[in-house]
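First comes the structure, then the notes that go with it.
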Amino acid sequence: MRLGVLVAVLAVLFGGTAAADPRVVGGDRVSIADHPWVVYITDASGNQFCGGTLVAPTKVVTAGHCAVGRTARSTRVVVGREDKQSTKGKVVRLSGIWVHPDYTSADQGSDVAVLTLREAVTARPAQLVQGESLYAPGTKAFALGWGRTSEQAPASRYLMGVTLPVVSDDDCEQSYSLFKAESMVCAGYREGGKDTCQGDSGGPLVVGDTLIGVTSWGEGCARPDKYGVYSRVGAYRDVLLQQIASTTTG
Ligand code: ARG
């Protein structure tokens with residue numbers, strides 16, 4: 001018990017001085033209470049490898065590359081757990097996995113999937129974006145995840161978040177020849193420093209509680225002139241809504 005207090009005091013002290021530490025990359029710890037729809041995905045041993053977004057009581061949107069080749073049996077969704085080392089929230093099993101039928105690899109687009117949970121959860125879901133207005137360049141979006149805090153760092157123990165402006169399709173085309181505006185959207189800063197990174201894939205890019213992107217790919221993390229690329233949720237709205245409404249489990 002006394003050791004626990006000491007650890008807590010040290011955590012506060014060091015947490016308080018860690019403001020310059022890169023998180024996500026260049027972000028900060030955020031409270032899951034403020035973002036109850038953000039989830040992480042693990043294998044059967046509990047190892048986190050991707051993020052996701054709860055969009056209905058039994059449905060999670062994630063990246064195609066997070067779900068392809070996996071079985072429902074070997075995959076778990078963790079809801080309501082900000083700290084991977086805590087036992088808060090719920091570990092939920094799956095009854096189905098749907099991967100976009102056009103998915104081949106993240107940089108080819110169609111990098112979306114829907115996981116169906118075996119039991120409904122009570123956490124508040126996010127909304128799917130409607131229309132184009134939130135894709136206006138400069139829109140302040142927010143990315144969240146438990147991924148690496150720099151290219152070389154291990155994945156984060158805690159949920160991290162970072163504000164990233166939506167980047168124009170022209171700027172992103174300059175950055176990546178594989179960028180396709182029909183299926184992707186970029187976010188980040190020309191000078192780098194803030195970005196998602198490995199392990200954040202599948203997780204949300206939101207404006208408020210509205211999902212506009214799914215973390216998909218990028219060259220390294222937070223490099224200058226290399227934005228993060230996100231699946232353009234608006235382009236997949238209809239097919240995602242179909243999957244969300246579906247009770248058969250793809
Ligand atoms: N593909 C990575 C993953 O599986 C996500 C990469 C995001 N990269 C970036 N620079 N924004 O976790």
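Residue numbers count from 1 along this sequence. All figures in this text were calculated on a predicted structure; none of them were measured in a lab. Whatever order the structure lists ligands and atoms in, that order sets their numbers, starting from 1.
When non-hydrogen atoms are compared, ligand 1 lies under 4.0 Å from the side chain of H65 (C-beta onward) but not from its backbone. Only the backbone of C197 comes within 4.0 Å of ligand 1, judged by heavy-atom distances. By the criterion of a heavy-atom distance under 4.0 Å, both the backbone and the side chain of T196 are placed next to ligand 1.
Counting non-hydrogen atoms of neighbouring residues, nucleotides and ligands closer than 6.0 angstrom, the CD atom of Q127 reaches no more than 12 such neighbours. Surrounding NZ of K90 are at most 12 heavy atoms belonging to other residues, nucleotides or ligands under 6.0 Å away.
Of the protein's heavy atoms, S201 OG, 2.9 Å lies nearest to atom 1 (N) of ligand 1. In this structure, the protein non-hydrogen atom closest to atom 6 (C) of ligand 1 is Q198 NE2, 3.7 Å.
Atom numbering of ligand 1 starts at 1 in the shown order; those under 4.0 Å from a heavy atom of G228 are 11 (N). Interface atoms of ligand 1 facing S216, defined by a heavy-atom separation under 4.0 Å, are 1 (N), 5 (C). Below 4.0 Å from some heavy atom of D195 lie the following atoms of ligand 1, by number and element: 9 (C), 10 (N), 11 (N). In summary, the atoms of ligand 1 found under 4.0 Å from a heavy atom of D200, numbered by their order in the structure, are 12 (O).
Under a hydrophobic-cluster definition in which Ile, Leu, Val, Met, Phe, Trp and Tyr are linked whenever side-chain heavy atoms come within less than 4.5 Å, directly or via other members, V166 and V229 are assigned to different clusters.
Salt-bridge check for D225 with R190: passed, with a basic side-chain N closer than 4.0 Å to an acidic carboxylate O.
Considering both main-chain and side-chain atoms, C221 never comes within under 3.5 Å of ligand 1 through any nitrogen or oxygen pair.
For the pair P204 and W37, the tightest heavy-atom approach, listed with the atom from each and the gap, is CG-CZ3, 3.8 Å. Here the closest heavy-atom approach between residue V30 and residue F142 is recorded as CG1-CZ, 3.7 Å.
Heavy-atom distances between G199 and ligand 1 reach below 4.0 Å in at least one pair. Residue contacts with ligand 1 do not include G188, since none of its heavy atoms lies under 4.0 Å from the ligand.
The shortest side-chain heavy-atom distance between W217 and Y176 falls under the 4.5 Å cut-off.
The aromatic rings of Y236 and H100 sit perpendicular to each other, their planes meeting at more than 60°, with 30° as the lower class boundary.
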